[in-house]
Amino acid sequence: MRRRHEAWLQPPGVNPEEAAELLLRDLRSSRRGLSSADARRRLLQYGPNELRRRGGRRWPAELVRQLVHPLALLLWLAAVLLFIVGSFVVAVAVVLIIMLNAAFAFAQELQAERAVEALAEYLPLRAKAVRDGRPVEIDATQLVPGDIAIIEEGDRIAADVRLLAGAIEVDMSALTGEAVPALRSASILDVDVPVLRAHDLVFSGTSCTGGQARGVVFATGMMTELGRIAALSERVEQDPSPLERQVRRVAWLIAAVSVALAFAFIPVATFGAHLSPINALVFAAGLLAGMVPEGLLPVITLALAVAVKVLATRGALVKRLSAVETLGSTDVICTDKTGTLTENRMRPMAVWTATGRTDLNDTGGNPAGTLPDAALDAVARVAATCNNARLRPGEEPSGDPTEVAVLLAAQLLGADTDADRREAGRRWQFHFDPELKLMSTIDQHGDRLVVHTKGAPEAVLPRCSALLDQQGRRVPLSDPDKERVTAQVDAFASDGLRVLTLAERALPIQRRPPHRRVDAERDLCFVGLIAMLDPPRPEVPQAVADCRTAGIRIIVITGDHPLTAVSIARRVGITDGHPRVISGEELDRLHEYQIAELVRDEPDIIFARASPEAKLHIADALREQGHVVAMTGDGVNDAPALRRADIGVAMGRSGTDVAREASTMVLTDDNFASIVAAVRSGRRIYDNVRKFIIYIFAHATPEVTPFLVFALAGGAVPLPLTILQLLAFDVGSETLPALALSREPAEPGLMQRPPRPRAEGVIRGPMLLRAWLFLGVLVSALQMAGFFYVLTRAGWRPGAQTGAGTHLNHAYRQATTMTFLGMIAGQVGTAFAVRTQRASLRSVGVLSNRYLLAGIVGELLLAAVFVYAPVFQQILGTTALPPLDLLLLIPYPFIVWGADELRRYLIRRHAARRRSPP
């Protein structure tokens, strides 16, 4: 069968630089867009709008990488040594272990990769297009050539587009490397210029930083400029994360200890046990192979991947596995107010004009009890005109929540809110500028052009020179009038309401309208105020309380009025008394070292009317002081601060594509409580990584002890554990409980501990002491006690022969089997003991980790196969034990677990005494 060509067809003969009407004709489209049926046919013809990875399958290279991993190289070294000395059976066993470990690690990495890639399904890139004559939001992969795309501020452009109407500023750095946004306008036509410099073309992968425009899609997928670059680019390897680097150091530490012990065993066995050098080398190689924890890295990777998937179900999409660990050490959260602490569901509450306050209701029509008022009519007109939101009967409003609330206010006041008629009368737009805190439009009103402006009171009022009275007369704006307006703004803000100021200016007839903001937004006439309510989220107060007990500082950085910010912060519990409030103007006057002093010396601080650049300065100051900072943001200008913070948190609902791409984590519900849940999960995962490391280290001592006993006894004591039994223990019983420990629930008091210091390593001295000299020694003592019990019961005395053909050989096989099972039983107790660091296991529930219970059942079944299956009896040298001996093994896990419970109890009591006053 003939193989289908990979490249999707593109419309033939399309030239994006030709006249707009000719381009639409060639694309068989129109300014009203495509029908849904036509779009579906084109999707089948041209394929989805996505970049396809080229280069074939990657799994062979990934599998080979697992076979040459640093720890795997140590196993290869052991296998080579065993082959050299002629111990072929043990050498083959070591090679099989390498293969099994590589397959296991490969499977875990694939699962982790799939877990991260699956997150794209939670938050697909969206695009706006005109379908069936109406604007709709679709998955960006569904865009096809001929679609009429709608591009707005904050959107990531998802295809190559020829502009047909409007003007936008575009961040072209993804294609050209130029950091300064470029103007792209449908009214500027270029001829004979490079495609990337054409002023009427925009390209996939770039971002709209301002303005609005519409255009026709002429290329999608791999046929875009970005697709052409992607086809030429090689896959870039990501640098290892701090956690990955720490874990690699742990792996090398384990490897160094293993090599040191293995090669130290050679002279001890040669001169102490009088073994031949070859036999000593055999034992050393076996010891080396048994002590290498090849599953360390994949198990940790799996633990992080599981955490990422759990967080995704709770509304937090973490884009990098390593970020989960960083979340656990976060000690400062810089949060916005709107949408994060609040519901981001603005409701218009009241309108204020020069004639007084008018309360609004949501029953429709004019507010009850109001008289004809020209100022109210002007408020309704400006609110309906200087707006990009849309209201449709029977449908959810679309647009920015603030603009939706303003448009609802205009509707309640009786204004015409039809979006098509509004756009037909619009002549120019100055998009909302976060720095200026203003948005303006120039619209046709009757036979005149009028500037309509809305924005923050402190931004609009200084640009006003007149006031609209009840009769619609433009009267001079006096200082007492300004004070009266400011007082009303403060009154609204102190009630937790967000306030916007509306103003307008009629332009001279028969004069070209201004195309510069500074010329348009001056000599305005104050029209009125609109007050909106955005109530706090009900779950935020508890999340804030959790942050307080966890030692996490919360700093509010908002663009709202200072009084509004303080009111909301008090409601959710971020501040109790009178916080230090820094306005945007005051912050702009501060030097960097003054900002650093401010965030260090003022524990209760709120930044109001702050610009996105202010977020960047604050993040820098906090990080230089050693804090681990999580920063929220949703706008285009928030991207630098999101990149600079340790954890950039973007809003999934209200945020822009630019902010989401710059962030480390995306909140699908825009909820502050989801950040706290992510921090809790990060702490839990880091604790679990440490538990797993203690679990791994604790097995080193019982694995080494039988060899040391044999060597130090000078051969008078037979080897308590054969090399193949050691390998079976390492491969067969360690993996399943280790995987289960990555699913361990959070320990009580997890969010009552102070954040972990940034520089603190994953391994600490107390962990090693607990693993090697406490848990390891306990298991070693138990396993050797079982070994000597079985051997001496059969009449063995030191120096007696136990080799094949002697009367003690069967008893020796039973004794080594007892050692083998004693290690497994002690390992079960270790798995339960490491589940908590200080708390009693009862506090988290002895049976709460069902994965651990299943792992232990699987471990015991595998041990039974090793002991009772004839094939494994021949390979491992095991044999069946009498029931009485098996009964002796039952207390082993409880002894190990109970001893560690006692140790943790004594630590808790000592800590309580130190905290209590004398």
Side-chain angles (χ1 to χ4, degrees), residues 150-155 166-169 181 183 208-213 338-339 344 346 348 351 378-391 397-410 415 417 419 422-423 425-445 449-464 489 498-505 507 513-532 558-561 584 609 611-612 634-638 654 656 658:
I150 303 172
I151 305 171
E152 298 174 339
E153 177 185 356
D155 288 348
I168 56 177
E169 291 180 341
L183 175 66
C208 174
T209 60
Q212 277 186 318
T338 304
N344 200 22
M346 294 285 185
V351 170
V379 167
R381 182 175 64 253
V382 176
T385 308
C386 185
N387 206 308
N388 289 318
R390 289 174 177 265
L391 299 178
S398 62
D400 179 81
T402 300
E403 292 210 324
V404 169
V406 171
L407 199 58
L408 285 172
T417 58
R422 175 182 66 210
E423 292 177 1
R426 180 172 296 177
R427 298 295 175 261
W428 198 263
Q429 173 180 313
F430 301 101
H431 63 273
F432 176 76
D433 189 317
E435 294 286 339
L436 299 176
K437 301 180 179 63
L438 291 173
M439 172 188 173
S440 297
T441 58
I442 300 177
D443 306 281
Q444 189 77 39
H445 183 58
L449 291 177
V450 180
V451 177
H452 296 120
T453 299
K454 74 172 186 289
E458 67 273 19
V460 177
L461 207 56
R463 290 172 167 80
C464 294
V489 170
R498 186 175 185 182
V499 186
L500 286 182
T501 300
L502 307 181
E504 64 180 5
R505 175 167 74 96
L507 297 174
H515 284 185
R516 295 197 310 161
R517 299 194 79 128
V518 67
D519 297 327
E521 296 170 341
R522 63 176 179 82
D523 196 27
L524 298 173
C525 177
F526 173 83
V527 171
L529 306 173
I530 293 182
M532 298 160 287
T558 179
D560 274 349
H561 192 281
R609 296 301 192 201
S611 65
D634 55 8
V636 173
N637 288 0
D638 287 331
S654 60
T656 60
V658 176

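Only a predicted model underlies this, so the values are computations on that prediction, with no experimental measurement involved.
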I'd like to know if the side chain of N387 and the backbone of E403 have a donor-acceptor N/O pair within less than 3.5 Å.
yes
Restricting to salt bridge (Lys or Arg N to Asp or Glu O under 4.0 Å), what partner residues turn up for R422, sequence neighbours left out?
none
Let me confirm one number: the CD1-CD1 distance from I151 to I168, rounded to the nearest 0.5 Å.
4.5 Å
Does M439 reach the side chain of T453, with side-chain heavy atoms less than 4.5 Å apart?
no
Can you name the nearest heavy-atom pair linking A520 to F430, along with the distance?
CB-CE1, 3.6 Å
Interatomic spacing from OG1 in T501 to CG in L524 - rounded to 0.5 Å
11.0 Å
Got a salt bridge between K437 and E458, using NZ or NE/NH1/NH2 to carboxylate O under 4.0 Å?
no
Counterpart residues, side-chain hydrogen bond (donor to acceptor under 3.5 Å, both in side chains), relative to R390 (two or more places apart)
E423
Restricting to side chain to side chain contact (heavy atoms under 4.5 Å, CB included), what partner residues turn up for A405, sequence neighbours left out?
M346, P348, M532
With sequence neighbours excluded, residues passing salt bridge (Lys or Arg N to Asp or Glu O under 4.0 Å) with R517
E521
Can you list the residues that meet the side-chain hydrogen bond (donor to acceptor under 3.5 Å, both in side chains) rule with T441, with sequence neighbours excluded?
D443
Supply the atom-to-atom distance C208 SG to D155 CG, rounded to the nearest 0.5 angstrom.
6.5 Å
Taking all atoms of both residues into account, what is the closest heavy-atom pair of V382 and A503, and its distance?
CG1-O, 3.9 Å
Taking NZ, NE, NH1 and NH2 as the nitrogens, is one of them in D560 or R498 under 4.0 Å from a carboxylate oxygen of the other?
yes
Would you check if the side chain of R463 reaches a backbone N or O of R522 as a donor-acceptor pair within less than 3.5 Å?
no
Can you check whether R427 reaches Q444 side chain to side chain, under 4.5 Å on heavy atoms?
yes
For T385, the side-chain hydrogen bond (donor to acceptor under 3.5 Å, both in side chains) test, sequence neighbours excluded, returns none
Taking every heavy atom of V451 against every heavy atom of S440, the minimum-distance pair comes out as CG1-CB, 4.5 Å
Which residues pass the salt bridge (Lys or Arg N to Asp or Glu O under 4.0 Å) test with E169, sequence neighbours left out?
none
Side chain to side chain, L529 and V351, heavy atoms closer than 4.5 Å:
no
Would the distance check show the side chain of D519 and the main-chain N or O of R516 forming a donor-acceptor pair, the cut-off being under 3.5 Å?
no
Residues at least two apart in sequence or cross-chain that pass side chain to side chain contact (heavy atoms under 4.5 Å, CB included) with P513, listed by chain then number, are I442, L449, L507, H515
Closest non-hydrogen atom pair, V450 against H445:
CG2-CB, 3.7 Å
Separation between OG1 (T402) and CG (L407), nearest 0.5 Å, reads 12.5 Å
At their closest point, which heavy atom of V404 faces which heavy atom of P397, and how far apart are they?
CG1-CB, 3.6 Å
Taken in chain and number order and not counting sequence neighbours, the residues that satisfy side chain to side chain contact (heavy atoms under 4.5 Å, CB included) with A383 are V406, A410, L502, I530
How would you list, by chain and number, every residue that makes a side-chain hydrogen bond (donor to acceptor under 3.5 Å, both in side chains) with E504, sequence neighbours excluded?
R381
Taking every heavy atom of Q212 against every heavy atom of N388, the minimum-distance pair comes out as OE1-OD1, 3.2 Å
